[in-house]
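Hydrogens, waters and symmetry mates play no part in the numbers below; they use all other heavy atoms, side chains included. Small disclaimer: the values here were computed from a predicted structure and weren't measured. Below, chains carry the letters A, B, ... as their sequence lines are ordered, and counting in each starts from 1.
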Protein chains: 2
Amino acid sequence: MGVTIKDVAKAAGVAPSTVSRVIADHPRISLSTKKRVKKAMKEMGYHPNANARSLANKSSQSIGVVMPAGADNALQNPFFPEVLRGISRIAHSMDYSLLLNTGETDKEILEGVQRMVHSNRTDGIILLYSQLDDPVVNFLLEYDFPFVIVGKPSDRIDEITHVDNDNVRGGKEITEHLIKQGHERIAFIGGSQDLVVTVDRMKGYQLALEEAGLPYLEEYRIHTEFLESGGQQAVNELFSLEEPPTGLVVTDDLMSIGVVSMLEKCGKLVPEDISLVSFNNVYLSEITRPPLTTVDIHIYELGQQAAKCLIEKVKDKSEPAKRVIVPYTIQHRSSTKEREVPSY
Amino acid sequence: MGVTIKDVAKAAGVAPSTVSRVIADHPRISLSTKKRVKKAMKEMGYHPNANARSLANKSSQSIGVVMPAGADNALQNPFFPEVLRGISRIAHSMDYSLLLNTGETDKEILEGVQRMVHSNRTDGIILLYSQLDDPVVNFLLEYDFPFVIVGKPSDRIDEITHVDNDNVRGGKEITEHLIKQGHERIAFIGGSQDLVVTVDRMKGYQLALEEAGLPYLEEYRIHTEFLESGGQQAVNELFSLEEPPTGLVVTDDLMSIGVVSMLEKCGKLVPEDISLVSFNNVYLSEITRPPLTTVDIHIYELGQQAAKCLIEKVKDKSEPAKRVIVPYTIQHRSSTKEREVPSY
DNA sequence: TACAATAAAGATAACGTTTTCAAAAATGAA
DNA sequence: TTCATTTTTGAAAACGTTATCTTTATTGTA
């Protein structure tokens, strides 16, 4: 059915190997035959068979992308399409394909990854999340298979190339923004503590508080994965404290929207009654009400960098483990407000 | 490096072809050798090489997924991860891999698709969008390559298997909801008219209006892709009309959030001053303020059905073009309100 | 003009499967 | 037993490339 390298060879009056060399742009090939072959290829509508190529090459020119398990609504986070876009950009420009892996459970994910690498379908893998003690990471490490993490590895950090933001500094800086505005009771709402990104951002929050001599209170920290169910109660509790917070650091824009909405149910307005800062600067954070002051982590760039690192590593396995920190910027919008100091 | 079928054969004392048959669970193979071979496979950690397989088989056991061009923020729509999840679910269960294709421009997308199919990397393709006169569709059709559209084809509808909602009925029904609540001046805000989904939903809107004897006005229709820039102005105009609408049909939850926010800038509250209904029932629409009354199109199910249809088609090319309509349901939440009839 | 270099092209063996065709082994009927 | 079936296995040829050798053609130099 398809036209093969042999057909082209015959048509151009050369050997298949010559055609192959033309494809690979091999130097030792005369201009005249190169032209002749290329003409034949074009005329016959030749397209190399990737599978045959991969087989001969032992390289698939494709990179696997692993999304976290999505039993909950985490995947609806616009973060993912956005990194994907960045990755895709680079992959496309380097002629790599993208192999996607998702799953409902951690087990499914692991199986998927194993299948990918065992079957030689992919040359390297990008992990779009980082959690404590991830079996996927262990597998990849043990197998000595090229991979990069978007985020910060929970372990063996020097052996794993990863691209991340400085989330603790970002957490610190955004918290300081609240502090500068006069807030003294600042709470933290974040996702699962198994996610490295959560603990980093929280660490930054803690640092800022301590440096400013403000209290870092247990009851000011909420961790919730399912905003709708547990979240409301947690927020209720937070605001029935004797000294409820006036500032909120939330680890994710999507979550922030939920929080703002819960707050309103409690009769609290953002930013009038309570200031809120957030992370990611997803498109949403611009169009929601109020527009969120949020640290822009440059998701697209994260994706691009990850893809670049991976491809480097794939091309040269001896490439050392790298860490790329893409700088964040703070998007000041209107979810925070100078705190009016009560005048006793 | 990897252990091959030959190694296993040698270890089990059989021919490679026998091992292959064991893998394929061929009937004509004795239980004893089957066991012996399986044991050898397990012991040696054998995993079939997908590329070799694809080459011999002329089938890659993977399906390509095409996302729309993402120069704007459209891809940040949680719709995409969600369909992807549905597709992935089925693909995984049928042992198919997912090949992802995105691009900044329509041209890039087309190139990507062509590369995928020419190179034999994929057995079939799922298109996650449907727009007027799509060169990708034309290519696929001409090439007679298996594909399915999530959405409604703009053309040659009987030749293209697609899975869709009944968007005109959905549009009609949700508009009628507004009408039942006493609204008589209802406007429509949607995305690009090149998107089939937009025109369908608008058609439903129109139908409902006409059936109720309400005016279907040009100046009540807004089409905008970039909500942030053009949108605000459009909304302003809408509400500086002599008779501004009291109800709004918006084609997408994400867009709705933007609209609600713009309305507030104009001093209009949802649902107090204006009722709004929407489409998709993305997680967001539940946590935003107000929670949106929206038609739940069952995105996950769309994805699953699409994957199923495609795999059927891939396995048997003679499978006729199908249309699957996944039923929608309406999620009543609190973005609409009974209209207080002004008492003259 | 002859002889080494060097450049260009061809032959052929991988790469790891599947599959067709043929051979051997087991079974059953006569 | 023996011959015809029927199972079960093996040998070998695809599948479409790439890459390693050779071989042949083209230079340049003495």
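As judged by a 4.0 angstrom heavy-atom cut-off over every strand, A/Ser17 is placed among the base-contacting residues. Residue B/Thr33 is in sugar-phosphate contact alone, with no base atom involved, counting any heavy-atom pair closer than 4.0 Å across all strands shown. Within the 4.0 angstrom heavy-atom criterion, no nucleotide atom of any strand lies near B/His26. Among the heavy atoms of the strands lying under 4.0 Å from A/Ser30 are primed sugar atoms or P, OP1, OP2 only; no base atom is included.
In plain terms, the two heavy atoms of A/Thr122 and A/Phe145 that are nearest each other are O-CZ, 3.2 Å.
When distances run from any side-chain atom of A/Asn57 to the nucleotides D/dA19, C/dT17, D/dA11, the shortest one goes to D/dA19. With distances taken from any side-chain atom of A/Ile5 to the nucleotides C/dG16, D/dT18, D/dC21, the minimum falls on D/dT18. When each of C/dT17, D/dT17, C/dT19 is scored by its nearest atom to the side-chain atoms of B/Asn49, the top-ranked nucleotide is C/dT17. The side chain of A/Thr18 approaches C/dG10 more closely than any other nucleotide in the set D/dA12, D/dG16, C/dG10. Closest approach to the B/Arg21 side chain among C/dT17, D/dG16, D/dG10 is made by D/dG10 (side chain taken as heavy atoms from C-beta onward). Distances from the side chain of A/Leu55 to the nucleotides C/dC15, D/dC21, D/dA11 place C/dC15 closest. Nearest nucleotide to the side chain of B/Arg28, out of D/dG10, D/dT9, D/dT18: D/dT9. Of the candidates D/dT8, D/dG16, D/dC15, the closest approach to any side-chain atom of A/Thr4 belongs to D/dG16.
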* Take A/Arg89 and B/Glu108, measure what salt bridge (charged side-chain N to carboxylate O under 4.0 Å, His left out) needs, and give me the verdict at the end. => CA-CA 10 Å; A/Arg89 178 87 281 265; B/Glu108 244 180 66; 3.1 Å; yes

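The side-chain contact (heavy atoms from CB on, under 4.5 Å) test applied to A/Leu141 returns A/Val137, A/Phe147, A/Arg156, A/Ile160, not counting sequence neighbours.
Where the helix from C/dT1-D/dA30 to C/dA30-D/dT1 starts and where it ends, the local axes point in directions that differ by 50°; five pairs per end, rounded to 10°.
Positionally, the nearest nucleotide of DNA chain D for B/Lys34 lies more toward the 5' end than for the other of B/Lys34 and B/Ala56.
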